[in-house]
**Student:** 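First the structure, then my questions, so here it is.
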Protein chains: 2
Amino acid sequence: MLDELDDSTTVADSALARLTQVILDGELKPGAKVSEPELARRFGISRAPLREAIRRLEERSVLTRAPRLGARVVVLSPAKVEQIFVVREAVEGMIAREAAKLITDAEVAQLRESLARQKARSEEIGFSTFLTRELDSDFHTFIAQCSRNEFLIKFLCEDYATLIGLCRKHLRQVPERAYRAFVEHGRIVDALADRDPDMAELAMRRHIQASRQMMVASVQDPGSEGGRRRRRGTN
Amino acid sequence: MLDELDDSTTVADSALARLTQVILDGELKPGAKVSEPELARRFGISRAPLREAIRRLEERSVLTRAPRLGARVVVLSPAKVEQIFVVREAVEGMIAREAAKLITDAEVAQLRESLARQKARSEEIGFSTFLTRELDSDFHTFIAQCSRNEFLIKFLCEDYATLIGLCRKHLRQVPERAYRAFVEHGRIVDALADRDPDMAELAMRRHIQASRQMMVASVQDPGSEGGRRRRRGTN
DNA sequence: ATTGCAAAAAGTGTCGACAAAAAATCTGCG
DNA sequence: CGCAGATTTTTTGTCGACACTTTTTGCAAT
């Protein structure tokens with residue numbers, strides 16, 4: 001659905017989208033070299049627009065580059081994932097605070113409706129980690145929009161979106177966490193409905209802290225996928 | 001002094017630095033068109049590395065771009081400046097919190113020493129806005145380093161540094177504010193010395209809130225430079 | 001004189017090419 | 001057989017060129 005050649009969009013812009021997708025899909029794994037000739041051939045474009053896309057992902061901390069050595073996909077050690085969650089806690093906490101000041105009744109209703117749908121669906125088929133994971137991103141994005149702060153929105157939805165997507169791969173969701181996340185989302189919406197900035201920020205921060213702690217636990221107890229079990233991380 | 005051809009750095013990297021400086025110096029004013037041919041000629045480089053630098057500043061929200069229309073320096077309306085301060089409050093608050101957990105005795109001593117020097121200097125020549133403005137940036141950067149969080153550091157010292165620099169031009173510093181900022185810095189250092197994360201975050205947030213409110217006031221009461229006096233802000 | 005349209009100029013987006021550096025390969029020696 | 005050095009190959013960084021858009025200029029008609 002994104003394949004159509006839109007004149008209003010540039011090759012460099014679509015290269016950014018495609019490269020982002022390649023990374024999120026795991027085709028380019030963490031630490032892998034981002035070869036300009038190879039990707040240019042693959043995308044059927046020249047290196048100039050590709051390089052612009054690479055520079056942008058570099059600016060987003062998704063790629064790391066050393067002059068003359070090329071770019072590589074960032075390697076998210078457990079320590080780095082924790083640091084990213086700390087940033088999220090700060091920014092999304094403020095997002096919730098600002099949203100509580102400016103959210104409309106209609107938006108509160110939309111959030112409530114979304115939660116209700118999720119609850120109904122979950123009572124049918126159980127709290128699947130897949131469902132929660134999909135909706136979680138929408139939930140956070142929606143609240144960001146409610147903050148009416150273009151810089152907070154840009155940060156969460158553009159700058160950090162890819163990085164957060166990479167972090168999610170480290171999060172081995174367990175069903176219990178899916179249910180807890182649902183409950184926490186409810187608390188956040190309640191605080192927003194009350195137009196209580198302090199409570200909204202606190203609820204959001206606790207929510208993200210809980211995600212982080214779950215992540216830390218899953219790293220220490222590797223199981224299904226992507227478990228690098230070498231080294232325990234001394235720094 | 002920056003003209004020497006350093007082999008370890010690329011033309012694109014120095015183009016980023018030079019373009020940043022041009023914008024911060026006000027040679028390219030907010031809203032001004034960023035002409036690729038003109039800047040390329042001025043920097044003595046081709047458009048390719050210049051475009052990479054432009055894309056990076058775009059990613060940092062310093063430039064805004066529309067496809068086929070080119071890039072322009074962001075216009076920081078009072079509303080946008082406030083939004084940026086909100087982001088700063090969130091991120092720097094968390095920086096202070098994390099720094100309080102991890103700061104060393106030596107670093108606390110360095111901060112205290114810096115404040116003492118500033119106090120001594122100010123008792124000689126008074127609290128100049130220039131002195132405070134210069135040291136303020138160092139103060140915040142230093143504490144960011146103490147957070148030991150590379151993403152928080154990168155955010156404040158790279159991503160947002162230029163944008164914050166642009167915001168500073170909107171801040172018409174008054175001597176009273178310079179003194180108050182000094183006092184607030186002292187409170188932050190006290191909290192860091194106590195290893196009190198809650199207090200450190202609170203003190204930092206209050207400090208940035210105070211800066212923001214001073215900015216809002218100076219916008220409503222235009223004096224020397226760049227005073228947009230339309231609208232009082234209804235939200 | 002002003003408005004509308006057409007032609008020219010300038011600018012952006014993209015490409016291919018080249019030099020220098022880094023990586024890979026091959027070779028010779030211990 | 002392994003390792004160090006030299007050579008080839010690949011890749012990065014940069015440049016100039018071209019097509020297509022946008023903008024500006026010029027001209028004519030109402």
Side-chain angles (χ1 to χ4, degrees), chain A residues 2-20 22-23 27-75, chain B residues 2-20 22-23 27-75:
Chain A
L2 284 172
D3 294 15
E4 61 186 30
L5 295 205
D6 192 342
D7 251 9
S8 70
T9 212
T10 65
V11 173
D13 287 335
S14 69
L16 175 66
R18 290 187 68 177
L19 183 50
T20 299
V22 165
I23 292 170
E27 292 183 66
L28 274 176
K29 291 190 169 53
K33 189 157 188 338
V34 180
S35 167
E36 294 180 8
E38 182 187 329
L39 280 173
R41 238 184 314 111
R42 174 170 175 177
F43 292 167
I45 64 179
S46 79
R47 283 174 51 223
L50 177 64
R51 278 173 68 90
E52 293 182 11
I54 289 174
R55 291 295 167 276
R56 281 157 78 170
L57 281 178
E58 199 182 310
E59 209 63 22
R60 295 181 185 180
S61 298
V62 174
L63 301 180
T64 58
R65 179 181 66 100
R68 303 269 168 197
L69 297 182
R72 291 182 174 277
V73 180
V74 66
V75 178
Chain B
L2 286 171
D3 295 14
E4 61 187 29
L5 298 204
D6 191 342
D7 253 7
S8 70
T9 211
T10 66
V11 173
D13 287 334
S14 68
L16 174 66
R18 290 186 69 178
L19 183 50
T20 300
V22 166
I23 292 171
E27 292 183 65
L28 274 175
K29 291 190 167 54
K33 189 157 187 338
V34 179
S35 167
E36 294 179 7
E38 181 188 328
L39 280 173
R41 237 184 316 112
R42 174 170 175 178
F43 292 165
I45 63 178
S46 79
R47 283 174 52 221
L50 177 65
R51 279 174 67 90
E52 294 182 10
I54 289 175
R55 291 295 168 275
R56 289 209 243 171
L57 282 178
E58 201 182 310
E59 208 64 21
R60 295 181 186 180
S61 299
V62 174
L63 301 180
T64 57
R65 179 181 64 101
R68 304 268 168 199
L69 297 182
R72 290 181 174 277
V73 180
V74 68
V75 178

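Here the structure is a predicted model, which is why all the values come from computation and not from measurement. Throughout, a chain's letter reflects where its sequence line sits, starting with A, and its residues are numbered from 1.
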**Student:** Return the value, rounded to whole Å, for the distance between atom CG of B/L39 and atom P of C/dG11.
**Tutor:**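 Interatomic distance, CG of B/L39 to P of C/dG11: 11 Å.
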
**Student:** May I have the distance from B/L69 (atom CG) to C/dG11 (atom P), rounded to whole angstrom?
**Tutor:**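 That distance rounds to 14 Å.
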
**Student:** Take atom CD of A/E36 and atom P of D/dT12, then tell me their distance rounded to the nearest Å.
**Tutor:**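 From A/E36 CD to D/dT12 P: 4 Å.
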
**Student:** Less than 4.5 Å apart, any side-chain heavy atom of B/I23 and any of B/L63?
**Tutor:**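 B/I23 reaches B/L63 side chain to side chain.
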
**Student:** What pair of heavy atoms forms the shortest contact from B/K33 to B/L28, and how long is it?
**Tutor:**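 Minimum heavy-atom contact is O-CD2, 3.8 Å.
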
**Student:** If you fit an axis to the five pairs at each end of the helix from C/dA1-D/dT30 to C/dG30-D/dC1, how big is the angle between those two axes, to 10 degrees?
**Tutor:**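 The two end axes of the helix from C/dA1-D/dT30 to C/dG30-D/dC1 meet at 10°.
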
**Student:** Can a side chain N or O of B/R65 be found less than 4.0 Å away from OP1 or OP2 on C/dG13?
**Tutor:**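 It does, given that an N or O in the side chain of B/R65 lies less than 4.0 Å from OP1 or OP2 of C/dG13.
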
**Student:** Could you tell me whether B/R55 and B/E58 make a salt bridge, using a distance below 4.0 angstrom between a side-chain N and a carboxylate O?
**Tutor:**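 Yes, B/R55 and B/E58 are salt-bridged.
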
**Student:** Using whole Å, what does the distance between atom P of nucleotide C/dT12 and atom CG of B/L63 come to?
**Tutor:**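 After rounding, the gap between these two atoms is 12 Å.
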
**Student:** Is there a donor on the side chain of A/R47 or the base of D/dG13 sitting less than 3.5 Å from an acceptor on the other?
**Tutor:**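 Indeed there is one.
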
**Student:** Answer yes or no: is there a donor N or O on one side and an acceptor on the other, between the side chain of B/R72 and the main chain of B/G31, under 3.5 Å?
**Tutor:**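 Judged by distance alone, yes, a pair lies under 3.5 Å.
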
**Student:** Looking at side-chain heavy atoms only, is the closest gap between B/R65 and B/L57 below 4.5 Å?
**Tutor:**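 B/R65 does not reach B/L57 side chain to side chain.
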
**Student:** Let me know, please, whether B/I45 or A/G70 comes out on the 5' side of the other along DNA chain D by nearest nucleotide.
**Tutor:**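 That would be A/G70.
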
**Student:** With sugar-phosphate meaning primed atoms plus P, OP1 and OP2, does B/R55 contact a base, only sugar-phosphate, or nothing at under 4.0 Å between heavy atoms?
**Tutor:**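 Sugar-phosphate contact only.
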
**Student:** Closest approach to the side chain of A/S35, judged atom by atom: which nucleotide of D/dG13, D/dT11, C/dT14 is it?
**Tutor:**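 Of all the options, the side chain of A/S35 is nearest to D/dT11.
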
**Student:** At under 4.0 Å, does any side-chain N or O of A/K33 touch on OP1 or OP2 of D/dT10?
**Tutor:**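 No, because none of the side-chain N or O atoms of A/K33 sits under 4.0 Å from OP1 or OP2 of D/dT10.
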
**Student:** From C-beta outward on B/P37, which listed nucleotide comes closest to its side chain: C/dG11, D/dT14, C/dT14?
**Tutor:**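 Per side-chain heavy atoms of B/P37, the pick is C/dG11.
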
**Student:** Output the rounded distance in Å from CZ (A/R42) to P (D/dT11).
**Tutor:**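 Going from A/R42 (CZ) to D/dT11 (P), I get 16 Å.
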
**Student:** Measure from CD on A/E38 to C1' on C/dA23 and round the result to the nearest Å.
**Tutor:**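 About 15 Å, once rounded to whole Å.
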
**Student:** If the cut-off is 4.0 Å, is A/R51 near the phosphate of D/dG13, judged by side-chain N/O to OP1 or OP2?
**Tutor:**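 Yes, A/R51 has a side-chain N/O under 4.0 Å of OP1/OP2 on D/dG13.
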
**Student:** May I have the distance from B/F43 (atom CZ) to D/dC15 (atom C1'), rounded to whole angstrom?
**Tutor:**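 Going from CZ in B/F43 over to C1' in D/dC15 covers 17 Å.
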
**Student:** Check whether any side-chain heavy atom of A/T10 lies under 4.5 Å from a side-chain heavy atom of A/E52, and answer yes or no.
**Tutor:**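 The answer is no; the side chains never approach within 4.5 Å.
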
**Student:** Please give me the minimum heavy-atom distance between B/V73 and B/K29, naming the atom from each residue.
**Tutor:**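 In this case the closest contact between B/V73 and B/K29 is CB-O, 3.5 Å.
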
**Student:** Could you state the atom-to-atom distance from CD of A/E52 to P of D/dT12 in whole Å?
**Tutor:**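 About 16 Å, once rounded to whole Å.
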
